[in-house]
There are 2 protein chains.
Amino acid sequence: MQTSTRDRIVITAARLLQRQGYVGTGIKQIAQEAQATLGSVYHFFPGGKETVAVAAIEHSSREFAALLRKALDAEADPATAVDSCAGQLAEELRESGWIDGCPVTAAALETLGTDSPIQQACAAALRDWEELVRDKLLRGGFDAQDARELATTVISALEGAEVTAQVTRSEEPLRTVGRQLARLVRSYGGSAQSAGGTG
Amino acid sequence: MQTSTRDRIVITAARLLQRQGYVGTGIKQIAQEAQATLGSVYHFFPGGKETVAVAAIEHSSREFAALLRKALDAEADPATAVDSCAGQLAEELRESGWIDGCPVTAAALETLGTDSPIQQACAAALRDWEELVRDKLLRGGFDAQDARELATTVISALEGAEVTAQVTRSEEPLRTVGRQLARLVRSYGGSAQSAGGTG
DNA sequence: ACAGCACTAGAACGAACGCTCTACTCAATA
DNA sequence: TATTGAGTAGAGCGTTCGTTCTAGTGCTGT
């Protein structure tokens, strides 16, 4: 077997959580689709379902961060890079049949009232992604506060556009939001080297 | 009793769906919190859980549309109106203890693979809300295509900002996104120069 | 009075849930 | 050979799920 049983469980759980949410995903389903048994799942994750979910979300978070980092680094201009991110998300979403969206949103929304580890893992993921965008803007010469506000906006807008794209089964929301975000970023100072400051 | 049993079921289901999603909300819980019995629920909704959910989402959609319309109409300038919307959402979110977010996102994400009536109701809700924003922009003198793209961006960004605000338990994402959206809107042909009094 | 209807009330069903439990395989050691 | 520990395998626990079912209540028209 190429991947270990533990890894297969985490990867499968991540995919199922992304598509069905926390409550909608059963331990038995995870075991079955990971080609593992119930005993194996509880062997590697004595903490039960919640522990599996946290590991899965952390895995998804790292995976999405890698995608984000790669897309951001591929373009020198931050505005173009943000637009490129949206395009990449649109492409992957379409290829998955509109089901593989943001890996943490579904799980996050289901555990809102609680202060569960799942909730915390989702919050950490959002924070990490936002930081990636913020750093890209800082490297592009943006003012610290502008970079922070733009990063929040970019991540939130991409998040929302992905949901909209999934629900409407169309790339258009992501494409449109990508364009508008690029325009917004460019409205600060115009090009890569100048610093904004209209705040 | 002031409200009818049917209405209590729909309103209760709407609130629970918003907070717990579709899978996480049980028919028995709906009945109990609506002070109705299982028999009543199945009397009014012979189609079962899915029928209740669709009615609840349609209710939430109308309710949110009313809030949106009111916030948009309160300001003449579209950019200021959008910012005001975000502020209103932030306020209500904080007051609810960060649990009453977008009324359809959670349910939408759980039924993505399917072409269930729930999915369609969520898609219709998003479309309606976007149309409200688009009409506001058109009344503000915006070009048709600009209005459409901006409306998509505004709804998506607000959607995402609401989720981010819920997860991080902070108004800041909504406040920030509101400011940035206003800036984006203003970047099209200046601020409220045309169509001051729209009534 | 009585039939008819809208609605209330909740017991009960099969299925699925998360989780625990015992039994097993098998390679590595002594 | 015997023992040990990691990992596999799945039966079965108690609970809850969505749904169905029968029984009963209260109001209306005749």
Side-chain angles (χ1 to χ4, degrees), chain A residues 1-57 106-107 109-111 113-119 121, chain B residues 1-57 106-107 109-111 113-119 121:
Chain A
M1 205 64 77
Q2 288 186 354
T3 56
S4 71
T5 301
R6 205 199 116 102
D7 285 350
R8 268 181 288 126
I9 291 170
V10 170
I11 294 172
T12 304
R15 193 184 62 238
L16 292 176
L17 279 182
Q18 181 178 30
R19 299 181 178 183
Q20 310 175 343
Y22 179 67
V23 189
T25 302
I27 287 274
K28 286 174 184 172
Q29 186 189 11
I30 293 172
Q32 189 177 342
E33 299 202 9
Q35 282 169 296
T37 63
L38 211 47
S40 299
V41 176
Y42 279 94
H43 170 75
F44 290 110
F45 301 94
K49 186 181 182 181
E50 196 175 59
T51 322
V52 178
V54 169
I57 288 169
L109 286 178
E110 284 178 314
T111 57
T114 79
D115 54 349
S116 70
I118 296 176
Q119 171 77 8
Chain B
M1 205 63 78
Q2 288 186 355
T3 57
S4 70
T5 301
R6 204 199 118 101
D7 285 350
R8 268 181 288 127
I9 291 171
V10 170
I11 293 172
T12 303
R15 193 184 61 238
L16 292 176
L17 279 182
Q18 182 178 30
R19 299 182 178 184
Q20 312 175 342
Y22 179 68
V23 188
T25 301
I27 286 274
K28 287 172 184 173
Q29 187 188 10
I30 293 173
Q32 189 177 340
E33 299 202 10
Q35 281 168 298
T37 62
L38 260 183
S40 301
V41 175
Y42 279 95
H43 170 74
F44 290 110
F45 301 95
K49 186 182 183 182
E50 196 175 59
T51 322
V52 178
V54 169
I57 288 169
L109 285 177
E110 285 177 315
T111 57
T114 77
D115 52 350
S116 72
I118 297 176
Q119 171 77 7

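Each chain gets a letter, A, B and so on, in the order the sequences are listed, and its residues count up from 1.
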Output the rounded distance in Å from [atom1] ([X]) to [atom2] ([N]).
X	N	atom1	atom2	value
His43(A)	dC21(C)	NE2	P	17 Å
Lys28(A)	dT16(D)	NZ	P	16 Å
Tyr42(B)	dC13(C)	OH	C1'	13 Å
Gln32(A)	dA16(C)	CD	C1'	13 Å
Lys49(A)	dG18(C)	NZ	P	4 Å
Asp7(A)	dG7(D)	CG	P	12 Å
Ile30(A)	dG10(D)	CD1	P	18 Å
Gln29(A)	dC19(C)	CD	P	15 Å

Below 4.0 Å: OP1/OP2 of dT8(C) and any side-chain N or O of Thr5(B):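 Affirmative; the distance criterion is met.
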
Contact under 4.0 Å: Thr37(B) side-chain N or O vs dG10(C) OP1/OP2: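 Result: no.
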
With sugar-phosphate meaning primed atoms plus P, OP1 and OP2, does [X] contact a base, only sugar-phosphate, or nothing at under 4.0 Å between heavy atoms?
X	value
Leu38(A)	base
Phe44(B)	sugar-phosphate
Gly39(A)	base

Check: Arg15(B)/Thr12(B) side-chain N/O donor and acceptor closer than 3.5 Å: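 No pair is found: no donor N or O on one side chain lies under 3.5 Å from an acceptor on the other.
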
Non-hydrogen side-chain atoms of Tyr42(B) and Ile27(B) separated by less than 4.5 Å: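 When only atoms from C-beta onward are counted, Ile27(B) and Tyr42(B) do touch, with a gap below 4.5 Å.
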
Qualifying residue for side chain to side chain contact (heavy atoms under 4.5 Å, CB included) with Phe45(A), from Ile30(A), Val54(A), Ile9(A):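 Between Phe45(A) and the candidates, side chain to side chain contact (heavy atoms under 4.5 Å, CB included) is satisfied uniquely by Ile9(A).
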
Residue Ile27(B), side-chain heavy atoms: nucleotide from dG18(D), dC7(C), dG18(C) that is nearest: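 Nearest to the side-chain atoms of Ile27(B), counting from C-beta on, is dG18(D).
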
Reported OG1-to-CD distance for the pair Thr111(A) and Glu50(A), which is rounded to 0.5 angstrom: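 Here the rounded value is 9.0 Å.
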
From His43(B) atom NE2 to Thr37(B) atom OG1, the distance as rounded to the nearest 0.5 Å: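 Interatomic distance, His43(B) NE2 to Thr37(B) OG1, rounded to 0.5 Å: 10.5 Å.
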
Residue whose nearest DNA chain C nucleotide is more 5′ - Ala36(B) or Val23(A):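 Going by which nucleotide is closer to the 5' end, it is Ala36(B).
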
